[in-house]
Number of protein chains: 2
Amino acid sequence: MKISLDQFDKAFENRIRLQIMSVLVANEYYDFNSLKELLEVTDGNLASHLKALEKEEYITVNKTFVGRKPNTQYTASEKGRTAFEKHLKALENLIRQQKQ
Amino acid sequence: MKISLDQFDKAFENRIRLQIMSVLVANEYYDFNSLKELLEVTDGNLASHLKALEKEEYITVNKTFVGRKPNTQYTASEKGRTAFEKHLKALENLIRQQKQ
DNA sequence: TAAAAGTACTTTGTATTTCAAAGTAACAAT
DNA sequence: ATTGTTACTTTGAAATACAAAGTACTTTTA
């Protein structure tokens with residue numbers, strides 16, 4: 001039987017974006033610097049992956065101040081959560097694959 | 001807590017290779033043409049992904065004849081199976097992620 | 001027996017993706 | 001005034017992905 005590839009979401013193919021999404025699904029929000037530390041990526045790289053997820057409307061951005069410092073918080077949108085779940089299901093289906 | 005990114009295997013980041021591997025783990029072997037049909041990719045593209053997995057020694061190749069036609073069979077190696085399992089565990093860990 | 005077709009590639013060229021590094025804007029602290 | 005911090009954007013280079021075309025070998029068909 002065929003596995004429809006279109007179940008997979010290109011936006012989650014990159015492991016940094018996959019990880020960002022999984023962090024944002026597990027936590028109500030997460031800020032830029034914490035993500036940067038967690039994922040051990042450069043800020044430019046992180047920003048571009050976040051932008052990619054934002055472009056898909058999978059995450060939303062909220063700029064605040066913590067104390068006197070700017071703090072950008074990211075949140076998984078409903079659309080993002082749904083898409084992520086679908087992607088995980090596709091992964092699961094892939095893994096428990098039937099024999100030929 | 002930090003999630004070590006090095007748990008993820010770059011060789012399985014591409015969804016075609018991920019799928020090839022999952023097919024080869026679930027089945028003792030699978031041939032070129034069946035994979036091509038299953039994954040709906042061009043033969044050139046498939047060949048290059050197979051080559052990438054072969055280079056990592058994650059799969060082995062066995063050229064046979066079925067009837068009068070050449071038939072190339074691919075098999076997941078022990079190394080490949082282990083690496084794939086590790087990758088899946090990394091995915092699992094990612095999914096049931098602890099809170100901040 | 002010449003032409004067409006099938007298998008499993010390789011080669012070529014282009015497009016896309018990824019990433020680090022450097023630059024930047026806004027604001028705060030010194 | 002200068003330095004530091006955050007959260008970017010821009011730039012450029014390297015890596016990756018992919019389709020299309022070409023190839024070698026063999027078989028099938030006309």
Side-chain angles (χ1 to χ4, degrees), chain A residues 4-6 8-21 23-24 27 29-76 87 100, chain B residues 4-6 8-24 27 29-56 58-75 83 87 100:
Chain A
S4 47
L5 272 174
D6 53 270
F8 289 94
D9 199 321
K10 264 229 142 211
F12 304 135
E13 202 159 343
N14 175 279
R15 65 172 187 251
I16 292 170
R17 288 195 300 273
L18 187 69
Q19 215 168 345
I20 290 172
M21 215 46 207
V23 169
L24 294 189
N27 299 277
Y29 54 84
Y30 224 86
D31 63 61
F32 190 89
N33 260 334
S34 305
L35 275 174
K36 203 176 89 180
E37 260 186 57
L38 187 70
L39 308 183
E40 291 170 303
V41 286
T42 57
D43 50 1
N45 195 7
L46 177 57
S48 71
H49 284 303
L50 285 167
K51 181 132 268 188
L53 291 170
E54 210 188 325
K55 199 182 151 202
E56 297 292 322
E57 297 179 315
Y58 286 173
I59 63 174
T60 56
V61 185
N62 193 26
K63 282 158 195 280
T64 58
F65 276 82
V66 169
R68 298 280 174 76
K69 290 179 183 174
N71 184 272
T72 308
Q73 293 181 343
Y74 298 91
T75 307
H87 184 77
Q100 196 175 19
Chain B
S4 48
L5 271 173
D6 53 89
F8 289 95
D9 198 320
K10 264 228 141 212
F12 303 135
E13 202 160 342
N14 175 278
R15 64 172 188 253
I16 292 170
R17 287 194 302 272
L18 187 69
Q19 214 166 346
I20 290 172
M21 213 48 207
S22 115
V23 169
L24 294 188
N27 300 276
Y29 54 84
Y30 224 87
D31 64 62
F32 190 89
N33 259 335
S34 305
L35 275 175
K36 201 176 90 182
E37 259 186 57
L38 186 70
L39 308 184
E40 290 171 303
V41 286
T42 57
D43 48 3
N45 195 6
L46 177 57
S48 71
H49 284 302
L50 286 168
K51 181 132 271 188
L53 291 170
E54 210 188 325
K55 199 182 152 203
E56 298 293 321
Y58 286 173
I59 63 173
T60 57
V61 184
N62 193 26
K63 284 158 193 281
T64 58
F65 276 82
V66 169
R68 297 281 173 76
K69 289 180 185 173
N71 184 272
T72 308
Q73 293 181 344
Y74 298 90
T75 308
H87 184 77
Q100 198 174 18

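Residue numbers start from 1 in every chain, and the chains themselves are labelled A, B, ... in the order their sequence lines are given, proteins ahead of strands.
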- [ ] Let me know the distance between CG of Asn33(B) and P of dT26(D), rounded to the nearest Å.
- [x] 18 Å
Open item on the list: Please compare Arg17(A) and Asn71(B) by the position of their nearest nucleotide in DNA chain C and report the one closer to 5'.
Closed with: Asn71(B)
Open item on the list: At less than 4.0 Å, is any side-chain N or O atom of Tyr74(B) found next to OP1 or OP2 of dC9(C)? Yes or no.
Closed with: yes
- [ ] Would you mind reading off the distance between Gln73(A) atom CD and dT6(D) atom P, rounded to a whole angstrom?
- [x] 14 Å
Task: OP1 or OP2 of dT17(C) under 4.0 Å from side-chain N/O of His49(A) - done: no
- [ ] Please work out whether the ring planes of Phe32(B) and Tyr74(B) are parallel, tilted or perpendicular, with thresholds of 30° and 60°.
- [x] tilted
Open item on the list: If only side-chain N and O atoms count, and only distance matters, is there a donor-acceptor pair under 3.5 Å linking Asn45(B) with Thr42(B)?
Closed with: no
Open item on the list: Whether Thr72(A) contacts dC8(D) is assessed here as follows: a side-chain N or O lying under 4.0 Å from the phosphate OP1 or OP2. Is that the case?
Closed with: yes
- [ ] Let me have a per-nucleotide readout for nucleotides 20-30 of chain C, 5' to 3', with B, S or -, counting only protein heavy atoms under 4.0 Å.
- [x] S-------SS-
Open item on the list: It should be established whether Asn14(B) places a side-chain nitrogen or oxygen under 4.0 Å from OP1 or OP2 of nucleotide dA17(D).
Closed with: yes
Task: Side-chain heavy-atom pair Thr60(A), Asn62(A) within 4.5 angstrom cut-off - done: no
Open item on the list: Nearest heavy atom decides the nucleotide; on that basis, is Phe32(A) or Glu13(B) closer to the 5' end of DNA chain D?
Closed with: Phe32(A)
TODO: Taking only the side-chain nitrogens and oxygens of Lys63(A), find out if one of them lies under 4.0 Å from OP1 or OP2 of dC8(D).
DONE: yes
